[in-house]
Amino acid sequence: MSAMETTTALPKIISVDDHTVEPPDVWQNRLPKKYLDTGPRTVRAPLKEISFLGGRFKPVMGAPGDDGPLGDWWLYEGLQRPLTRLDTAVGYSRDEIKLEVITYEQMRPGSYDVPQRLADMDVNHVQSAVCFPTFPRFCGQTFTEAKDHELGLLCVQAYNDWMVEEWCGPQAQGRLIPLTLIPLWDAELAAAEVRRNAARGVRAVAFSEIPPHLGLPSVHSDDWDPFLAACDETGTVIAMHIGSSSRMPSTSADAPPAVGSTITFANCCFSMVDWLMSGKFERFPNLKVMYAEGQIGWIPYILERADVVWEENRGWGGVADKVHRPPSELFTEHVYGCFFDDAFGLRNLDAIGVGNVLYETDYPHSDSTWPKSREVGEAQMGHLDAEVVERIVRGNAIELLGLTPDGLWGGPR
């Protein structure tokens, strides 16, 4: 069979971008006692007001007894961050998904409970999944923005311990693949944390798509070299999720969320050009990066344009001394695009590269294709040969993340 001809042809999915909603006790069970009152903890409180305009999320927590819908809120230093329906929207119709606060009881249990997650993966034809965080945000910038970095480092380490030992622990049966965090404010500490987790089998670490938006150095500087060297040495993939710069793309302060939702790929686009023109892939030849939830349809033009700029303008463009090969070649060896709904990108797969594409389901977010990821995949990949579909849906992820041949995380090795 040269192409998918039946609904059984889509192989079991390995999703490289799902999400976990951390249970309330993640940090309370792991931090030293002196930090329990300042470290991350949850309370139930009313919502006073909430907005999401111009790519900025602004919730305001009410006082006990105030009017307003009740939700569960994370508190950490001065931060007050509610759980929202956008954090966990699966199981609701699109018209029911609104910007509102919720409690743990109002979300699908698979958002935070491992056995329930596995059951929801079964419903969705998913074998294994990589999960990004919720409260720490997509690359742990919550801890970077806090004042106490001693506590922040402990919070990063506590999250990573929970991720490896519990979320991806024995009851996950190898089906949940760990993605860990780093202390973004210190590249040496970040390198140490990469090596600590690599020693127990972790092959992916979250990072910011555009670090300067967080007040951090860019990838063009040498500041990140200790971290990049650790990833290069251990085979740890740098995973960047849309919004991991704490700034979603938008056009104006009053642009509705629909504008940003349409152009979410933009940060990935900007970030990829940064990396291709940084010289880091030549300095660290084993480095791999992936863009979660960025889709892939935009990639062919960016590669074409980057090659033209490199060929025609590198002399004055500031890259001649560090980028010695066409950016498209560097992309092929080092960069992976991730998608869950991109028929256009799949029609232009030859211009991207079969080996540079990964599949995802985005459970439990509002954009998620759950519980129909299989049907979406079959509809959009039906024109592709079976071996190509196999690589996109699972083979590339197995190779990139060092999974077992049957697509499971093997744990420490």
So do the side chains of [X] and [Y] get within less than 4.5 Å of each other, counting heavy atoms only?
X    : Y    : value
F284 : H334 : no
L151 : W27  : no
V156 : N160 : yes
V202 : T236 : no
V393 : M381 : yes
W185 : L153 : yes
F340 : H365 : no
M163 : L181 : no

Quick check: does any side chain N or O of [X] sit under 3.5 Å from a backbone N or O of [Y], one acting as donor and the other as acceptor?
X    : Y    : answer
D18  : D362 : yes
W73  : A45  : yes
Q141 : C139 : yes
W310 : V323 : yes
R394 : K12  : yes
K48  : P59  : no
T369 : K372 : no
N348 : A351 : no
E282 : G279 : no
H241 : E209 : no

**Report entry** Chi angles and distances behind the ring pair (Phe, Tyr, Trp, His ring centres under 6.0 Å) call for F339, Y359
**Finding:** CA-CA 5 Å; F339 79 100; Y359 201 44; 5.1 Å; yes
Looking only at non-hydrogen atoms, find the nearest pair between [X] and [Y] and report the distance.
X    : Y    : result
S328 : L303 : CA-CD2, 4.2 Å
S208 : S244 : OG-O, 2.9 Å
G294 : F265 : O-CB, 3.2 Å
C269 : W298 : CA-CZ3, 3.5 Å
V219 : S278 : O-CB, 3.9 Å
F143 : C155 : CE2-CB, 3.4 Å

Query raised in the report: Is the number of heavy atoms from other residues, nucleotides or ligands within 6.0 Å of CD (E233) greater than 12?
Result: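 Count over threshold, so yes.
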**Report entry** Pair W74-Q80, side-chain contact (heavy atoms from CB on, under 4.5 Å): steps then yes or no
**Finding:** CA-CA 6 Å; W74 282 101; Q80 299 172 340; over 6 Å; no
[X]-[Y] side chain donor-acceptor pair, cut-off 3.5 Å:
X    : Y    : answer
S111 : T88  : yes
T332 : N356 : no
D342 : Q380 : no
S93  : D95  : no
T42  : D72  : no
D161 : Q157 : no

Do [X] and [Y] sit within salt-bridge range, that is, some charged N less than 4.0 Å from a carboxylate O?
X    : Y    : value
D222 : K280 : yes
D120 : R108 : yes
R391 : D385 : no
E165 : R200 : yes

**Report entry** Trace of the side chain to side chain donor-acceptor pair (under 3.5 Å) decision for Y336 with N396
**Finding:** CA-CA 9 Å; Y336 294 78; N396 290 338; over 6 Å; no
Interatomic distance, [X] atom [atom1] to [Y] atom [atom2] [nearest 0.5 angstrom]:
X    : Y    : atom1 : atom2 : value
R175 : L403 : CZ    : CG    : 13.0 Å
N124 : S15  : CG    : OG    : 8.5 Å
D37  : L31  : CG    : CG    : 11.0 Å
E77  : E145 : CD    : CD    : 11.0 Å
M240 : M290 : CE    : CE    : 9.0 Å
R195 : T234 : CZ    : OG1   : 7.5 Å

Query - ring pair (Phe, Tyr, Trp, His ring centres under 6.0 Å), paired with F207, selected from F227, F138, Y291 - result: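 Of all the options given, the one that passes is F227.
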Requested in this report: Would you check, one step at a time, whether the test side-chain contact (heavy atoms from CB on, under 4.5 Å) holds for D367 with T264?
Outcome: CA-CA 11 Å; D367 259 350; T264 51; 5.7 Å; no
**Report entry** Verdict with reasoning, R325 to L330, per side-chain contact (heavy atoms from CB on, under 4.5 Å)
**Finding:** CA-CA 7 Å; R325 298 164 57 200; L330 298 174; 3.9 Å; yes
Query raised in the report: When the ring centroid of Y159 is compared with that of F135, is the distance short of 6.0 Å?
Result: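 No, they do not, as the ring centres are separated by 6.0 Å or more.
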Requested in this report: With side-chain contact (heavy atoms from CB on, under 4.5 Å) as the test, would you mind laying out the steps for V309 and V319 before giving the verdict?
Outcome: CA-CA 10 Å; V309 170; V319 298; over 6 Å; no
